[in-house]
Amino acid sequence: MDYNDIVHERRSIRGYQQKPVPRELIEEIIDLAKRAPSSMNTQPWHFHVITGEPLERIRKGNTEKMMSGSAVDREIKMNHGYEGPHRERQIEIAVQLFEAMGIARDDKPKRQDWVMRGFRQFDAPVSLVLTYDKYLEPAAISHFDLGALSHAIVLAAWEHGLGCVINGQGIMQSSVVRKHACIPDDQSIMICIAMGYPDQSFIANTVKSVREDNAHFVRYVGFDGSSGVAGGGGVEQQD
Ligand SMILES: Cc1cc2nc3c(=O)[nH]c(=O)nc-3n(C[C@H](O)[C@H](O)[C@H](O)COP(=O)(O)O)c2cc1C
């Protein structure tokens, strides 16, 4: 597949065939993804590739905790809500997904059902939990490295006929994941990636998320040959 096609066609996959993913295929994907750059080539990541019984126990534990109203238990520091254009984009993708799934705004049971699917990692046959060594905390640059790695994984998976969704929901009860996946205490849980063969009949899998026009977030400096000094007109804006 052409790189352009992979990038443009990849979407987050939230419905999977209940078909096992061969370990060798996951290994090939990891071999490609680990070519991702990292700060000073530190490669600070660990992969915990989970399937079968342990993954079922994680789904069950996450569901029970979320249903009982337990507080979110994540290991990285998070903000407490998006604002402005970030919030608008967050709503936009939720509306796209709910419309595709026929979930009405006021249909609380169906909305709840969708959220719970997320906590089960969309019933994907495989979950990759990405961690980094705890001594690196505060680990902003390691977070960056694992972000680069995550994108490399989802692209490589797509190229190999597999779908993924990077998701925070699956590790929102990180102590459950840590326990059932036997994650060592000296690692911090960053994120997980659900993976499997896409269910082509699952309509949310067709949703194409929107990207902002470059003009809204890109500045070009010095391209007109000027000094770029503020006030000197050196910054070229696109609008
Ligand atoms: C760090 C991160 C966390 C995410 N967490 C979730 C999640 O918990 N649930 C979910 O359904 N999607 C999650 N996503 C997927 C995003 O919603 C998705 O990437 C975004 O809407 C763009 O859509 P696309 O991947 O189809 O291009 C997450 C993505 C990232 C990068």
Side-chain angles (χ1 to χ4, degrees), residues 3-16 33 36 45 47 50 55 58-59 62-63 65-66 70-82 85-101 103 110-124 126-132 139-159 162-174 176-177 188-196 198-200 202-213 217:
Y3 181 74
N4 266 292
D5 293 340
I6 299 170
V7 169
H8 284 289
E9 287 172 19
R10 184 210 61 84
R11 301 175 297 282
S12 286
I13 293 300
R14 298 182 175 87
Y16 295 90
W45 44 67
F47 291 79
I50 311 165
L55 184 52
I58 289 171
R59 290 195 233 278
N62 279 349
T63 303
K65 278 215 157 186
M66 295 313 293
S70 296
V72 169
D73 168 24
R74 281 191 73 167
E75 300 186 358
I76 55 166
K77 286 206 176 84
M78 304 272 296
N79 74 333
H80 294 285
Y82 291 115
H86 303 146
R87 176 77 180 140
E88 285 164 21
R89 292 179 200 134
Q90 182 188 14
I91 292 170
E92 181 181 45
I93 187 65
V95 168
Q96 279 182 278
L97 288 167
F98 283 178
E99 275 180 0
M101 293 299 295
I103 303 173
K110 274 194 176 170
R111 287 176 75 112
Q112 170 79 354
D113 182 55
W114 179 257
V115 171
M116 294 318 295
R117 286 177 61 87
F119 292 126
R120 297 196 310 271
Q121 296 190 58
F122 301 94
D123 300 320
V126 175
S127 171
L128 275 67
V129 177
L130 303 188
T131 66
Y132 56 89
I141 205 72
S142 306
H143 295 180
F144 180 97
D145 295 338
L146 269 70
L149 177 72
S150 300
H151 192 211
I153 292 168
V154 299
L155 292 180
W158 193 266
E159 202 265 337
L162 292 175
C164 294
V165 58
I166 301 171
N167 69 97
Q169 279 175 290
I171 48 133
M172 229 165 235
Q173 294 299 336
S174 284
V176 170
V177 179
S188 295
I189 297 178
M190 171 87 222
I191 199 75
C192 66
I193 304 180
M195 181 186 276
D199 175 352
Q200 305 296 356
F202 191 75
I203 201 76
N205 287 347
T206 63
V207 167
K208 183 89 182 152
S209 58
V210 178
R211 295 294 185 275
E212 194 61 88
D213 286 340
F217 63 94

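Numbering of ligands and ligand atoms starts at 1, following listing order.
The salt bridge (Lys or Arg N to Asp or Glu O under 4.0 Å) check on R89 picks up E212, with sequence neighbours excluded. For I6, the side-chain contact (heavy atoms from CB on, under 4.5 Å) test picks out M1, L155, W158, E159, with sequence neighbours left out. Every ring-ring contact (aromatic ring centres under 6.0 Å, His included) that F122 has, sequence neighbours left out, goes to W114.
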Which is it for R120 and N62 under the side-chain contact (heavy atoms from CB on, under 4.5 Å) test, yes or no, and what are the steps along the way?
CA-CA 7 Å; R120 297 196 310 271; N62 279 349; over 6 Å; no
Run D113 and I103 through side-chain contact (heavy atoms from CB on, under 4.5 Å) and show every step you take.
CA-CA 10 Å; D113 182 55; I103 303 173; over 6 Å; no
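The contact shell of ligand 1, taken as protein residues with any non-hydrogen atom closer than 4.0 angstrom, comprises R10, R11, S12, R14, I93, F122, V165, I166, N167, G168, Q169, I191, S209, R211.
The minimum heavy-atom distance between I193 and I153, with the atom names listed, is CD1-CD1, 3.8 Å.
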